[in-house]
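Since the structure comes first, as structure tokens, the remarks are kept for the end.
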Amino acid sequence: MSTPTKSPIPKSLQPFLSGPKKLLINGQWVAAKSGKTFDVFDPATDQVVAQVAEGDAADVELAVAAARKAFDDGPWTKMTASQRSQIIWKIGDLIEQNADQLAQLETLDNGKPVGVAKAADVALAADMFRYMAGWATKIEGNTIPLNVPYAPGAQFHAYTLREPVGVVGQIIPWNFPLLMGAWKLGPALAVGCTIILKPAEQTPLSAIRLGELCLEAGLPDGVLNIVTGFGETAGAAIAGHDGVDKVAFTGSTEVGKLIVNAATGNLKKVTLELGGKSPNVVYDDADLETAIAGAADAIFFNQGQVCSAGSRLFVQQGVYEEVVAGVSEIARNMKVGNGFDASTQMGPLVSREQHERVTGYLKAGLEAGAIASAGGGPIEGDGYFVQPTVLKNATAEMSVVREEIFGPVVTAMPFKDDSEIIGHANDTSYGLAAGIWTRDISKAHKFAKSVKAGTVWVNCYSIFDAALPFGGYKQSGWGREMGHAALENYLQTKSVCVNL
Ligand code: ADP
Ligand code: MG
């Protein structure tokens with residue numbers, strides 16, 4: 001493993017980074033009412049790279065008023081679905097046209113390798129808007145035959161209307177800053193909602209750029225408002241605001257519970273995409289070469305900062321040593337470094353706080369008796385780098401097995417056979433995703449049926465697509481992102497009954 005190196009920030013980003021970035025409220029870029037700003041850090045170097053307006057409750061107030069006005073009177077809700085669709089499609093086009101810059105902002109803000117940001121985050125974000133642009137014109141209700149038992153002989157014409165829920169607050173995390181914005185905005189815009197978006201305080205830059213592109217695409221004033229700021233202030237103000245009809249949150253399970261509590265005031269609708277501790281199961285009949293590479297990618301992709309990461313690797317006992325050795329070798333050979341270096345395979349973690357969290361888990365795991373067969377600690381230097389780590393000898397009660405680490409740390413545990421694997425896989429409070437590697441289709445489908453997870457990958461991992469619903473069982477969340485399922489988060493049903 002090589003040591004992290006420093007790379008200069010692309011000069012082309014300088015115009016965007018200069019001067020404090022502002023809030024987007026009612027189509028205007030404005031300073032926070034308090035005048036405050038906060039620093040944005042490059043996780044590879046620990047240097048401040050930008051200042052961003054620190055919005056709080058006072059700014060949320062203005063943003064909600066703008067979104068309300070845009071929903072109640074604005075052109076947005078009065079235009080045809082086809083007109084809405086064209087604007088949403090154009091956002092996708094503009095993302096694609098600005099792919100290099102968006103990828104660079106993502107690397108600067110989050111740390112991820114710039115090639116990955118362009119190929120995955122940016123490409124998926126553009127595709128999400130296009131997928132949802134297609135749905136805008138296909139939001140339909142049903143006609144429903146009635147059989148009212150207490151009105152014999154009467155005839156009714158009954159139908160449903162599918163209507164946007166109204167003003168929505170969307171609070172997103174820092175692991176895929178642009179893509180999480182796209183997952184949230186796409187369906188909400190497709191059905192005609194208006195929005196207050198709060199990016200994570202660690203990674204506000206690409207959301208601000210996305211806001212500029214949305215205006216350029218022709219999104220009317222007030223439809224998308226962006227309040228950058230901290231969770232406890234701006235985020236909490238959105239979640240608790242009576243003028244917000246729905247809140248959609250992606251982040252930690254701990255904060256998800258706070259959101260639910262904050263939403264009780266006006267009983268706003270809530271959807272949540274939360275943490276995970278996903279099982280990834282390798283059977284001895286799997287194509288081991290693919291499974292080993294897949295198991296490594298399942299945990300090391302995005303520095304392990306993926307809610308659906310395959311962080312609990314279960315390997316059938318006969319091939320346990322071989323698979324663990326293979327994943328460990330990949331970990332040891334991984335080039336960890338600045339995301340702007342073309343050869344970098346893994347960047348830094350997003351923040352100092354996250355670095356402390358992950359290294360804290362590593363320490364606790366090793367003290368509890370886990371053994372690192374690769375990595376095991378931080379990488380010294382200015383940035384927030386940790387070693388890709390494979391832990392053996394981990395047992396079910398250790399915090400490294402039970403809790404979401406959100407870093408490049410996998411626990412590898414052996415299992416005997418089918419009789420015990422489902423018990424292990426489901427021994428978690430989470431239920432976001434699961435993986436299985438086997439050549440036996442019956443084993444694969446049985447596992448897919450029994451595992452309590454919102455997504456099951458068979459002989460693959462971390463496959464995401466705008467059309468494929470994603471979300472959690474158990475404490476991994478409420479509702480689904482992507483696919484037509486995501487539209488449900490932003491729609492409500494009105495039944496109309498006509499006496500003929
Ligand atoms: P992490 O701790 O890994 O940063 P969080 O769940 O705290 O993950 O953050 C996800 C998002 O939730 C961020 O946009 C953050 O600002 C926001 N957030 C954090 N705390 C709150 C809160 N109390 N109310 C609303 N939003 C919050
Ligand atoms: Mg937090």
Side-chain angles (χ1 to χ4, degrees), residues 23 32 36 38-41 43 52-57 59-60 63-64 109-111 168-181 183-185 195-208 210 225-241 244 246-265 268 270-277 302-309 311 348-361 384 386 403-409 430 432 472 475-478 481:
L23 314 174
K36 285 199 223 163
F38 63 96
D39 290 335
V40 175
F41 293 86
V52 173
E54 187 187 327
D56 60 22
D59 307 287
V60 167
V64 172
D109 223 359
N110 166 280
V168 304
Q170 302 185 319
I171 301 171
I172 58 173
W174 44 257
N175 57 342
F176 296 91
L178 178 74
L179 185 58
M180 293 302 103
W183 282 16
K184 291 279 185 278
L185 298 184
I195 297 157
I196 302 102
L197 176 74
K198 196 201 84 64
E201 52 270 40
Q202 296 85 351
T203 55
L205 298 177
S206 58
I208 295 170
L210 179 60
N225 304 276
I226 301 177
V227 179
T228 47
F230 292 93
E232 299 75 11
T233 49
I238 293 169
H241 201 294
V244 173
K246 188 237 151 65
V247 62
F249 171 78
T250 298
S252 60
T253 294
E254 175 198 353
V255 174
K257 292 177 183 179
L258 295 177
I259 301 277
V260 170
N261 283 327
T264 56
K268 60 173 65 64
V270 179
T271 46
L272 305 167
E273 202 258 274
L274 307 174
K277 193 73 186 174
N302 213 43
Q303 297 69 244
Q305 300 165 140
V306 182
C307 44
S308 54
S311 51
L349 299 182
V350 72
S351 64
R352 182 162 298 285
E353 183 192 0
Q354 190 60 16
H355 189 259
E356 279 164 16
R357 193 185 293 178
V358 173
T359 51
Y361 272 115
Y384 318 135
V386 295
E403 295 171 29
E404 184 176 46
I405 299 175
F406 226 60
V409 181
Y430 294 112
L432 195 52
Q475 292 191 37
S476 289
W478 293 349
E481 311 260 11

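Keep in mind that what you see is a predicted model, and the values were worked out from it rather than measured. We count ligands from 1, going down the list as the structure has it; atoms in each ligand are counted the same way.
- If you look at ligand 1, the protein residues with a non-hydrogen atom under 4.0 Å away are I171, I172, W174, K198, P199, A200, E201, Q202, G231, G235, A236, F249, T250, G251, S252, V255, L258, I259, R357.
- Ring geometry for W174 against F406 counts as perpendicular: the plane angle is over 60°, on a 0 to 90° scale with 30° as the lower cut.
- Nearest heavy atoms, G235 versus K198: N-CD, 3.5 Å.
- Contacts of E353 classified as side-chain contact (heavy atoms from CB on, under 4.5 Å), with partners at least two apart in sequence or in another chain: Q202, S351, R357.
- Taking all atoms of both residues into account, the shortest heavy-atom contact from E404 to G276 is OE2-N, 3.0 Å.
- In this structure, CD on Q170 lies 10.5 Å from CD1 on I226, to the nearest 0.5 angstrom.
- At a cut-off of 3.5 Å, with distance as the only test, no side-chain donor of K277 or S476 sits close to an acceptor on the other residue.
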